[in-house]
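To start, the structure under review is shown below, and the notes come after it.
Lettering of chains follows the sequences in order, A, B, ..., and the numbering in each one begins at 1. Note that these values count all heavy atoms, side chains included, but never hydrogens, waters or copies made by symmetry.
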Amino acid sequence: MNAPCQLTHQDFKSDVKPIWCPGCGDFAVLSSVTKALADLGKPREEIAFISGIGCSSRIPAYTQVYGFHGVHGRALAIAAGVKLARPDLTVLAAGGDGDGLSIGGNHFLHACRRNVDMTYIIMDNEVYGMTKGQASPTTQPDWTKSKLTPEGTGISAVEPVRLALAAGANFIARGFSGNPNEVARLIYEGIQHPGFSFIQVLSPCVTYRPEEREWKNLVHPAEGNPSQVMAEAMHRLAGDDGFSTGVLFAGNRAPFKPPSRNVATVTDLERKFAS
Amino acid sequence: MNAPCQLTHQDFKSDVKPIWCPGCGDFAVLSSVTKALADLGKPREEIAFISGIGCSSRIPAYTQVYGFHGVHGRALAIAAGVKLARPDLTVLAAGGDGDGLSIGGNHFLHACRRNVDMTYIIMDNEVYGMTKGQASPTTQPDWTKSKLTPEGTGISAVEPVRLALAAGANFIARGFSGNPNEVARLIYEGIQHPGFSFIQVLSPCVTYRPEEREWKNLVHPAEGNPSQVMAEAMHRLAGDDGFSTGVLFAGNRAPFKPPSRNVATVTDLERKFAS
Amino acid sequence: MVGKSVSVALTGSGGAGAMTSGQILLDAASKAGYFGLMTRSMGPQIRGGEAAALLRISATPVSSLDDHYDLLVAYDWGNVNRFAAELPLAKTSLVLSDPEHGAVPDAIALFGARSAELAMKTLAAEVPGGRVNMIGLGAAAVLIGLPLEAVLSVLQDQLGRKGEEVLASATACLKAGAEAATKLPEVARLPPSKADGSVRWNISGNEAAGHGALKAGIKFVAAYPITPGTEVLEYLAPTLEKTGGVLVQAEDELASINMIIGGSFSGVPSLTATSGPGLALMTESIGLAICSETPITIVDVMRGGPSTGIPTKSEQSDLNIACYGMHGDAPHIVVAPNTIVDCMFSTQWAVYLAEALQTAAIVLSDQAMGQARNVVAKPADAPYVAKRRVAAPNAEGYKRYALTPDGISPMAIPGNPGTNYVADGLEHNERGTPSSQASDHHSQLDKRARKLEMFDYGDHWADIEGDGEIAVVTFGASTGPVQEALERIRAKGGKAKMISLRLLMPAQTKNMAAALNGVKKLLVVEQTHSEQFNKYLRAHFDLPPAVKVLSRPGPLPIRPNQIESIIADWK
Amino acid sequence: MVGKSVSVALTGSGGAGAMTSGQILLDAASKAGYFGLMTRSMGPQIRGGEAAALLRISATPVSSLDDHYDLLVAYDWGNVNRFAAELPLAKTSLVLSDPEHGAVPDAIALFGARSAELAMKTLAAEVPGGRVNMIGLGAAAVLIGLPLEAVLSVLQDQLGRKGEEVLASATACLKAGAEAATKLPEVARLPPSKADGSVRWNISGNEAAGHGALKAGIKFVAAYPITPGTEVLEYLAPTLEKTGGVLVQAEDELASINMIIGGSFSGVPSLTATSGPGLALMTESIGLAICSETPITIVDVMRGGPSTGIPTKSEQSDLNIACYGMHGDAPHIVVAPNTIVDCMFSTQWAVYLAEALQTAAIVLSDQAMGQARNVVAKPADAPYVAKRRVAAPNAEGYKRYALTPDGISPMAIPGNPGTNYVADGLEHNERGTPSSQASDHHSQLDKRARKLEMFDYGDHWADIEGDGEIAVVTFGASTGPVQEALERIRAKGGKAKMISLRLLMPAQTKNMAAALNGVKKLLVVEQTHSEQFNKYLRAHFDLPPAVKVLSRPGPLPIRPNQIESIIADWK
Ligand SMILES: Cc1ncc(C[n+]2csc(CCOP(=O)(O)OP(=O)(O)O)c2C)c(N)n1
Ligand SMILES: Cc1ncc(C[n+]2csc(CCOP(=O)(O)OP(=O)(O)O)c2C)c(N)n1
Ligand code: SF4
Ligand code: SF4
Ligand SMILES: [Mg+2]
Ligand SMILES: [Mg+2]
């Protein structure tokens, strides 16, 4: 047995003090991540944790693994690069609903589709926390507290899990930061599941969306077992209220692995040019 | 009655010679567009036709309306700007599967969601024509003719109509360039339908995908009437073979219209600063 | 100890209310007929981060921070290390702190200022609902000689609607602080105000930029939030809505820049606001606006870079990307406001230029101006409004990109009959049809450059003051300290010229040659690390033989005395 | 009429096969022991667009087009106007065309060259399956004195697998053309080849760039197709696959640049290739690579700009964005290859520098080099391979961004135990923890600039040739014509120095001062509209008092005689 595998979830926490507001849901997500990593039993150096920009995207710095705090919206692209270049690493990505679904929407779409083996957590607070409270794609159309959309966005909210399914994600789950053990389990399962795993974690922003504290009264376990068939999952999610938690879909598409062999040297290749 | 309303579809064609290869499906799409515009009966100057970059995106220059040939992937953003700034104009956008679903994927997602009243045509040839034949998001994973993915992409193809539905498009149809009259009708209906209308037109690339000439034997009318309920449409599209043509979904979400009143002058606003 | 102006820093960790007390102090100064400036320094936290309100109050207009603060009121010492460097103190300054929080920390003590204690927490505890920052505010007002009535009146205005109790408690604290202050050592005091009843404006640079946009006739804005540009949008969202315009929050900057290109193509003056990372994402499409000759304006409120950098603090280091950030030869307009109120004029002018010249204009503001408030005399109205040269209905043989003598071609607006055309970012001929022919490329490149070169920009290209063989050349927020330094030099009988460039692109080679005529020594002042402005100057102008450069990165603002001493030492 | 080299243009509209015949001619020249160069000019059409194959064949190495073409073979005149300006002819040149297509059009006739007719269509019609381009090829070979056996042998190699019939028909046409040529007027003829049996390479600039990347150890590429950069990727996709690397086609350039940042962060040397519009989309994240100190290399194959511009034709106008296109102070590497083969060395070196210095390197190639083929002596091997300074396992008190004397900090690679850290584009302290403190910002900015400034780049920063009081400074593809012009001047007994800058960033101020020592007159040569290179030079270097600039946009290449005549006329 390998010594580093004895690491506890505390061993995955760093000594950097979070910038988060007291009461922010993201604290619990951090605990869930470190717990899942402890359960995974891998040494810290074999894990890469990538994020974008936002309150939530600060999370890698609060853990003890290799991390990359990139630019806004590009976490999934960096994460794909890591995994494609170093298939031996366990790759996690995380960030906010704005980071992942607004500016990062295209990478989300194509990550679901490309199905690289990694796990992506959206810490969904239905708001841009970091920039002081604007509407995100998951914000309801009638939320009027943002100065940029004082009469509400008037645009229907994205349902991330439904989008992930249509785009082709291979594992889809939803958790609530108020139930950190469940979230830890979902992350753990997402990591274990081959291909692209997507986990939406409802994580209240107590500063700009204090009403989200109420979520604790709305969440409920998803009924039945996770679908393995896309059409079935589509049907099921069509009636979803956005607060059911658990694994919602677990597909079996093979992860993306670009071809790569080792059958020539660079010098061999030069024959092509010579005459 | 208004003189310009008598325009024929020829009046909507320009004298610029298309750069398209002989036999390219895009010629027929051009005819369908001009026919739909003639049927619409609006004067040329009240129509704006926006595109990105690609063989297909050249289409506005071949018509006689106000047009914008933008940069790669951003047609829908320009089009939204036109419509939001000038709600009186009829706005069309068009382009390729690469332009709209690869680099432009995020705008596609958000255009569906935002539901600005405009009509978007993807001239889908399952390839990047303009850059000489690479795989696009709609290319099947086992297509090996691109030098960039000589063993195939290994990534499952996007089904644009399914994605549009999940993202919230309000009108969804599919046509085939070999049936230009049907395509003209679909475009016409899309324009008439409030909100964001999406029309996928299967348009063969005879140069890089000569096998697509076979599409004429594969297309068939979609069965039944278009759904008006999203869940129903989802169910229906789950079993779709990608070759059924016709209107597939016609929703009734109100188009996006940001609030705007005229209740103050700029000088009125200055009171706020004065003391 | 009555000076021309008094500078006060109010600091505290999250929740201490440093910002609120600073804001009230500025408003009270304004009420009492003073001019004033307040900038802020904030930590990265959303809530509860350390903050400093940095004020300067004066009987005459001020547009720059002073060399040091006369009074530092520290509500606590939490994380003060993080911005101690931003709080220069003189030996004569007074540090006022609460014994509760212990001794003055080294980072502050090393300035060697005087210090005094005030038991703010204890005093506040004596008032039901009492708050430390109101104690500090009362003390500060008295120490600098600001009439307490003015502060009370502001409290009334601002806390009135929060209910009697809140107001009563704040008032009680204020008075307790004021009372206690009488026992404290003296600090620099304000001269009597010269209030003449004329209207004052209290405005931030970001509000000013937004308002300038409205004055120029902007009616369509698409944008994506980003610190510190968001407040331009926060000003514009409700005001556009009221004046018949529209603001839309886009999915990202690629969308926002292209949306405004669409809005402008359709004939509606359009703008976006952003900061460095957002500007970087926009450059491809700014090139599209330039090539397709679609007028747009982009306000870039600069922050520390590179990359995500320091979102909450200022720097002038987007100069390079603003001037040179496009691929291909892409002539465009770059305008740099040089004071908080000038954010209004410069943005208004930039919109006017973009529209008149059918190109992209970038307004290069920064966090130091954007997020600071200035109390100033009501600014004069500028006559610049968006006005395009448009095509007539059914204009015969209409060519969108006609090679006119001045390079500006009439633009047909959708709705105009008989002139439909297709705007294009591909190189094109006069009609707009794509062309890869050398002659079309050359003539369209010439035209796009010519229209900018031939235009008459009047005197606005730079603010020039004073005379002499020594000149200081600067731009943007670095102008305030330069101006003040040169005033001091002149007050001592010296001579020096200030050239603050407002129009950075197109570079005004002839005007600059005239301005530099007779100048033997040139000091370049800028807030970048790599001397971006100095390199810009070298590239475009012939500089005098002796050049010195004062270039330092943010977030520390440049102080007047730094400039003064370089000039004094320059033999 | 035996010259040093012979230049031939083969043109025709779509389907005429100008490109194919040019390619065969080049290959045949190579077989016959000659050196050669072939560039191409293409219309925008995907298929069937007009095209010109522009060749120069010589007994000694060539890296530039000549002043004019000795022979123009026009298979037809369709759309020749679109690139006539790219086909300069001398009075002594011969225009060979088919009477079938009518008289020589004005755009060509105005050069005043001799002309002759050859009934290519009729001759081709006499051969079953005969093609016009093979008739023209046969005639061209004979006219310039290239042994027909070499052409036949290439035909055999290339058409062999298409079957006997195809080969027989091509051979028959070739011979018919050759036969007919004996009755045509003479044109410049090749000198005997100096074939010594040494190995020749036949390579395009884009292949060379790709191969240089492989030689440096690139193992991960993510990219999005774009003309004219795509061929770098087309070379890399199969070769990486065979050598244990990976190429992935990304959804857009935002993804590709971030994917390679991820690949490199994980320890694998990573690269992308693009062109102007793609580079513009990447600048935000290039800033991330610079700030987080993650090595990456970007090959930018320049095309006509701005915006979508002229995708199929060349220009050097991405200089600005490559050097200055990032927001904030973002020091990085810019390397400009100056010949087709140098695309190999320069890319290899750029990767080496990016890795050694943990920063972003941009390789500034262009369409003229990228899509041209050169027959050259086998290039020497360069010793540059990717090698990072890495952290040891369990390095004690590991600080990712440690302030080392040379500015380079050991990088911990995932998998290395005990050194996990979080890379960050936010300003940070030595550990990598975000910091908005002035001192951290300043010291990290210093470090990121220092590592680039202190590094020893050896002699590769520029190619310097010759001596004298007149110097010509240039970069990239403009180097070939400069080199040739100066050789001609020297051949006539004149003196002139060439400085072709390879390392554009960081600007080599000291090296350049040494190179300019003694230079009184400086001619700047570049292919841009706005004198981007001249402005770059002014910004960073002290130039001699007399400076002239030969700056013109693409797509017309700069010709040696333009440079010659400026120097000759310079009193
Ligand atoms: C290119 C770019 N645009 C905008 C920003 C500003 N910005 C930073 S975080 C953020 C949104 C944060 O929202 P979300 O991703 O939901 O994270 P949260 O703060 O809510 O956890 C924005 C718009 C940026 N940093 N970069
Ligand atoms: C930013 C940017 N990246 C890449 C390109 C190159 N490019 C031009 S068109 C195109 C794809 C075209 O494919 P599609 O949109 O499907 O249109 P089609 O040619 O097939 O009609 C690409 C990648 C570009 N012009 N701009
Ligand atoms: S602003 Fe909201 S999301 Fe951000 S740290 Fe505070 S509570 Fe959390
Ligand atoms: S390459 Fe394909 S898509 Fe493009 S014009 Fe030719 S046939 Fe049409
Ligand atoms: Mg959020
Ligand atoms: Mg396509």
Residue selection (most heavy-atom pairs with chain B, distance under 4.5 Å) from [options]:
options: Ser266(C), Gly432(C), Cys291(C), Gly418(C); answer: Ser266(C)
options: Gly425(C), Ser30(C), Pro414(C); answer: Pro414(C)
options: Asn202(C), Ile261(C), Val199(C); answer: Asn202(C)
options: Ala208(C), Ala412(C), Ser256(C); answer: Ala412(C)
options: Lys215(C), His211(C), Lys31(C); answer: His211(C)

Against chain B, label [X] side chain, backbone, both or neither, depending on which of its atoms sit under 4.5 Å from a heavy atom there.
X: Lys219(C); result: neither
X: Asp27(C); result: neither
X: Ile260(C); result: neither
X: Ala255(C); result: both
X: Ser292(C); result: side chain
X: Val422(C); result: both
X: Val248(C); result: side chain
X: Leu426(C); result: side chain

Ring centroid separation Tyr235(C) to Phe273(B) under 6.0 Å: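 Yes, close enough.
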Residue Phe49(B) versus chain C: region with a heavy atom under 4.5 Å: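 Neither; nothing under 4.5 Å.
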Give a yes or no on whether the backbone of [Y] and the side-chain of [X] come within a donor-acceptor separation of less than 3.5 Å.
X: Asp11(B); Y: Thr8(B); result: yes
X: Asp424(C); Y: Phe68(B); result: no
X: Ser203(B); Y: Met123(B); result: no

Atom pair CZ/CG of Phe12(B) and Asp39(B) - distance to nearest 0.5 Å: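 One finds 9.5 Å between CZ of Phe12(B) and CG of Asp39(B).
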Partner chain C: residue of Gly70(B), Pro259(B), Ala61(B), Ser14(B) with the largest heavy-atom pair count (under 4.5 Å): Pro259(B)
Face-on cation placement of Arg200(C) at Phe35(C) ring, 6.0 Å and 45° thresholds: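 Arg200(C) over Phe35(C) ring: yes.
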Residues Glu207(C) and Lys272(B) bridged, charged N to O under 4.0 Å: yes
Carboxylate-amine/guanidinium proximity below 4.0 Å for Asp15(B) and Arg431(C): yes
